[in-house]
Engineer: 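Sharing a structure here in structure tokens format.
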Amino acid sequence: MSTAFKVEVKLNDTDNRINYGYGSIEVTCEGHEHAEVLDIGSSEVDTTISTDITGGEGSGYLYLEHTDASSTSDVSVGFATGVYVIQLEPGERALLPLLSTLTHIYMKTNSG
């Protein structure tokens, strides 16, 4: 089974009313998938990345989506416990390439 992601991005500077155009990426994954829908709370959640994706098969991709668009909480994401380098606001999505050495993702919410 294959899964395809297509992400298109348009950057807007609403203060200066400037549109910076579009960029897009399309990624197809062949047979190596790990999918979870998680309930993230204020306590850190440690998710193990399937070795199908990172162990010996080369680098993979991480797709994140903050699906609770009505929430006032952001989701913080990191690759080491307590060290968060990504923050998703409600309704935001991200597609990130992963190093083959990554084994865990750490997430928690931040009340808005």
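We count residues from 1, following the sequence as given. Below, all heavy atoms of this structure are taken into account, side chains as well, without hydrogens, waters or symmetry copies.
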Engineer: Shortest non-hydrogen contact from Met107 to Thr47?
Structural biologist: CE-OG1, 3.6 Å
Engineer: What I'd like to find out is whether the side chain of Thr81 reaches to under 4.5 Å of the side chain of Asp46, using heavy atoms alone.
Structural biologist: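 Heavy-atom side-chain distance check fails, nothing below 4.5 Å.
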Engineer: Return yes if some donor-acceptor pair links the side-chain N/O of His66 with the main-chain N/O of Ser71 below 3.5 Å, else return no.
Structural biologist: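 Side chain of His66 to backbone of Ser71: no pair is present.
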Engineer: Just to verify, what does Glu92 make a side-chain hydrogen bond (donor to acceptor under 3.5 Å, both in side chains) with, not counting sequence neighbours?
Structural biologist: none
Engineer: Can you name the residues that form a side-chain hydrogen bond (donor to acceptor under 3.5 Å, both in side chains) with Thr109, not counting sequence neighbours?
Structural biologist: none
Engineer: Closest approach of Ser73 and Pro90, non-hydrogen atoms and distance?
Structural biologist: O-CG, 3.6 Å
Engineer: For Asp39, which residues count as a side-chain hydrogen bond (donor to acceptor under 3.5 Å, both in side chains) partner, sequence neighbours excluded?
Structural biologist: none
Engineer: Should Tyr84 and Ile40 be counted in the same cluster of Ile, Leu, Val, Met, Phe, Trp and Tyr side chains packed under 4.5 Å apart?
Structural biologist: no
Engineer: Using the rule given for side-chain contact (heavy atoms from CB on, under 4.5 Å), can you reason through Ile86 versus Phe79, listing the C-alpha separation, both sets of side-chain angles and the distance that settles it, and then say yes or no?
Structural biologist: CA-CA 10 Å; Ile86 299 166; Phe79 304 104; 4.2 Å; yes
Engineer: Would you give the length of the straight line joining atom NZ of Lys108 to atom OG of Ser76, rounded to the nearest 0.5 angstrom?
Structural biologist: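 Interatomic distance, Lys108 NZ to Ser76 OG, rounded to 0.5 Å: 6.5 Å.
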Engineer: Scan for salt bridge (Lys or Arg N to Asp or Glu O under 4.0 Å) pairs involving residues 63-72, sequence neighbours excluded, and state none if there are none.
Structural biologist: Glu65-Arg93
Engineer: Using side-chain contact (heavy atoms from CB on, under 4.5 Å), reason through Leu64 and Val77 one step at a time and then give a plain yes or no.
Structural biologist: CA-CA 9 Å; Leu64 299 167; Val77 181; 4.0 Å; yes
Engineer: Who pairs with Tyr106 by side-chain hydrogen bond (donor to acceptor under 3.5 Å, both in side chains), at least two apart in sequence or on another chain?
Structural biologist: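 side-chain hydrogen bond (donor to acceptor under 3.5 Å, both in side chains) list for Tyr106, sorted by chain: empty.
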Engineer: Using 0.5 Å steps for rounding, measure from the OH atom of Tyr63 to the CG atom of Leu95.
Structural biologist: 8.5 Å
Engineer: Just do the side-chain contact (heavy atoms from CB on, under 4.5 Å) check on Thr103 and Thr48 with the steps written out, would you?
Structural biologist: CA-CA 6 Å; Thr103 57; Thr48 302; 5.5 Å; no
